[in-house]
Amino acid sequence: MMSNRKPLDAMAVGLMLMLCVIWGLQQVAVKLAAPHMGAIMQIGLRSLVAALMVSGLIGWRGEKLDLRDGTLLPGIAAGVLFALEFLFVALGLQYTTASHMSVFLYTAPIFTVLGLHWSIGGERLGPMQWAGALAAFAGIAVAFSNGFAAQSRGWGDMLIGDALGVLGGIFWAATTVLIRRSSLSEAPPATTLLYQLGTCGVILLTIAALNGQAASSAFTGIVWGSLFFQSVIVAFLSFLIWFWMLRRYLASRLAVFSFLTPMFGVGFGVLLLHDPLDPRFAAGAVLVMAGVVMVNMRK
């Protein structure tokens with residue numbers, strides 16, 4: 001297995017910023033459509049639609065999916081981990097606030113860095129990179145600290161929801177580590193994405209059917225627009241770019257950039273949903289940017 005991933009260059013930084021913007025906007029899209037279609041149903045549908053698009057891309061390129069090349073089992077496992085991440089987020093939001101969920105879900109890069117640091121020599125971080133990762137996580141905590149100020153729910157429920165958020169972050173990190181350490185590391189990005197989206201779509205749509213979300217969904221204009229954005233832009237294009245980058249750059253450096261995603265999410269929430277903006281968000285954004293720069297400094 002190749003281990004000669006590169007540190008981030010200017011193109012990688014630009015692509016990661018674009019991906020963080022897209023991933024931040026997807027939260028707004030899900031929220032806009034949520035009154036008409038549950039989050040699990042939305043993510044299941046977008047995953048299945050995007051999987052069909054990836055399958056079409058593979059066929060258009062004249063490629064073949066070889067189930068005997070050693071990628072089948074890790075591919076299915078990546079899809080299960082991906083589905084579990086979103087399932088725990090959806091369940092956790094029933095108990096805790098969105099601010100808490102944002103903080104605890106985005107512990108994922110820390111778990112990713114830990115997993116890669118101990119398992120792949122080329123992904124090891126030095127003191128400066130560790131300090132940057134901690135600074136970035138501190139920035140997330142500061143930016144969303146207004147959610148900790150108003151405790152409108154019982155502490156028991158909050159703890160359950162927060163724990164589910166951490167589990168979501170762990171499964172997100174586990175997906176990245178699995179891809180980096182398995183045969184998927186050298187597989188074509190479209191192959192990796194097809195396994196992940198197809199497995200995730202089947203699992204989440206089954207859950208949506210069992211809990212009644214499928215039956216209660218209404219395909220309004222907002223839902224169609226949200227599903228188009230989530231399926232084509234997020235799950236198809238952005239994830240293809242992400243897996244392409246995982247084959248060329250150090251995954252630990254890429255993962256820390258995901259700390260920027262909730263910042264963009266809050267920004268879009270303010271602009272499109274008129275969410276209140278707390279001054280602590282600005283301070284947290286500065287910490288996140290500083291942490292990203294520190295993590296990407298060469299040892």
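Below, each value reflects all heavy atoms present in this structure, side chains not excepted, and no hydrogens, waters or symmetry copies. Sequence positions, counted from 1, serve as the residue numbers for this chain.
Listed by chain and number, the residues in a ring-ring contact (aromatic ring centres under 6.0 Å, His included) with Trp244 amount to none (sequence neighbours excluded). Residues forming a side-chain contact (heavy atoms from CB on, under 4.5 Å) with Ile241 (at least two apart in sequence, or on another chain): Leu15, Met18, Leu19, Met245. Among residues two or more places apart in sequence or in another chain, the side chain to side chain donor-acceptor pair (under 3.5 Å) test is passed with Trp242 by none. Under the rule for a side-chain contact (heavy atoms from CB on, under 4.5 Å), the partners of Val232 that lie at least two apart in sequence or sit in another chain are Met53, Phe228. For Ser238, the side chain to side chain donor-acceptor pair (under 3.5 Å) test picks out Trp23, with sequence neighbours left out. For Leu134, there are no side-chain contact (heavy atoms from CB on, under 4.5 Å) partners, not counting sequence neighbours.
Annotation: side chain of Ser226 is not in contact with side chain of Leu32 (no heavy-atom distance under 4.5 Å). Using a 4.5 Å cut-off on side-chain heavy atoms (C-beta onward), Phe229 and Ile22 make contact. When side chains are defined from C-beta on, Leu227 counts as touching Phe219, because their heavy atoms get closer than 4.5 Å.
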Identify every side-chain donor-acceptor pair in residues 76-89 under 3.5 Å, counting partners at least two apart or on other chains, and give the distances.
none

Between side-chain atoms of residues 43-50 and protein atoms elsewhere (two or more places apart, or another chain), which donor-acceptor pairs fall under 3.5 Å?
{"residue": "Arg46", "atom": "NH1", "partner": "Gln26", "partner atom": "OE1", "Å": "2.5"}
{"residue": "Arg46", "atom": "NH1", "partner": "Gln230", "partner atom": "OE1", "Å": "3.4"}
{"residue": "Ser47", "atom": "OG", "partner": "Ile43", "partner atom": "O", "Å": "2.7"}

Side-chain atoms of residues 207-217: list all donor-acceptor pairs with protein atoms under 3.5 Å, sequence neighbours left out, distances to 0.1 Å.
{"residue": "Asn211", "atom": "OD1", "partner": "Gln213", "partner atom": "N", "Å": "3.0"}
{"residue": "Gln213", "atom": "OE1", "partner": "Ile40", "partner atom": "N", "Å": "3.4"}
{"residue": "Gln213", "atom": "OE1", "partner": "Met41", "partner atom": "N", "Å": "3.0"}
{"residue": "Ser216", "atom": "OG", "partner": "Gly212", "partner atom": "O", "Å": "3.1"}
{"residue": "Ser216", "atom": "OG", "partner": "Gln213", "partner atom": "O", "Å": "3.3"}
{"residue": "Ser217", "atom": "OG", "partner": "Gln213", "partner atom": "O", "Å": "2.6"}

Throw together a table of side-chain donor-acceptor distances under 3.5 angstrom for residues 172-179, partners on residues two or more places apart or in other chains.
{"residue": "Thr175", "atom": "OG1", "partner": "Phe171", "partner atom": "O", "Å": "2.8"}

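Expressed to the nearest 0.5 Å, how far SG of Cys20 lies from CG of Leu25 amounts to 12.5 Å. Atom CG of Leu237 sits about 10.0 Å away from atom CG of Leu193, to the nearest 0.5 Å.
Sorted by first then second residue, the salt bridge (charged side-chain N to carboxylate O under 4.0 Å, His left out) pairs that include residues 48-61, not counting sequence neighbours, are Arg61-Glu63. For residues 8-25, the set of pairs meeting the salt bridge (charged side-chain N to carboxylate O under 4.0 Å, His left out) definition, not counting sequence neighbours, comprises Lys6-Asp9.
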